[in-house]
Amino acid sequence: MLGWTADDLATRARISASDVTNFEDGAFPGTEIVERVAAAIEAAGIVLLAEDEGMGAGLRFRRPSGQPDEGLKPEELNSANDG
């Protein structure tokens, strides 16, 4: 969602690139690493959603406060954003 590379995430979370790679490969890197990754992602405007009422965990962009989501304008619609 953010277009970051593993190196970008490592820099922003202040962890090593190998920690990112190991995490992506399914290894649990420890609570401190997970907290740093979560903090970096949240600081970039992503909301991390916990598993809830039978729905899986997920994420979404944080909406800037005071600004309603107006969606796409008709002239912005195209096959690339037809989701």
Side-chain angles (χ1 to χ4, degrees):
M1 285 180 75
L2 295 169
W4 291 355
T5 65
D7 288 333
D8 293 334
L9 176 56
T11 298
R12 287 173 168 85
R14 290 187 232 125
I15 61 175
S16 71
S18 64
D19 285 332
V20 174
T21 302
N22 291 338
F23 196 14
E24 288 176 336
D25 289 342
F28 181 73
T31 304
E32 182 179 348
I33 301 287
V34 172
E35 288 173 352
R36 286 178 179 223
V37 168
I41 292 169
E42 289 173 342
I46 300 296
V47 177
L48 301 174
L49 305 170
E51 192 170 323
D52 185 28
E53 298 180 24
M55 302 291 288
L59 47 100
R60 66 174 168 229
F61 287 108
R62 179 177 43 239
R63 183 179 305 153
S65 61
Q67 296 192 9
D69 181 4
E70 297 179 11
L72 294 172
K73 297 175 184 170
E75 61 270 16
E76 297 172 328
L77 297 173
N78 59 50
S79 61
N81 60 30
D82 184 19

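From a predicted model like this one, the values you see are computed outputs, not experimental measurements.
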Between Asp8 and Thr11, do the side chains contain an N or O donor and an N or O acceptor separated by less than 3.5 Å?
no

Going from CG on Leu2 to CD1 on Ile46, what distance comes out if it is rounded to the nearest 0.5 angstrom?
4.5 Å

With side chains defined as the heavy atoms from C-beta onward, is the minimum distance between Phe28 and Ile33 less than 4.5 Å?
no

Does the side chain of Phe61 come within less than 4.5 Å of Val47's, by heavy atoms?
no

Does Met55 CE have over 12 foreign heavy atoms under 6.0 Å away?
no

Please round to the nearest 0.5 Å and tell me the distance separating atom CD of Glu24 and atom CG of Asp19.
11.5 Å

Ala40 to Trp4 - nearest heavy-atom pair and separation
O-CH2, 3.6 Å

Any donor-acceptor N/O pair, Arg36 side chain to Arg14 backbone, under 3.5 Å:
yes

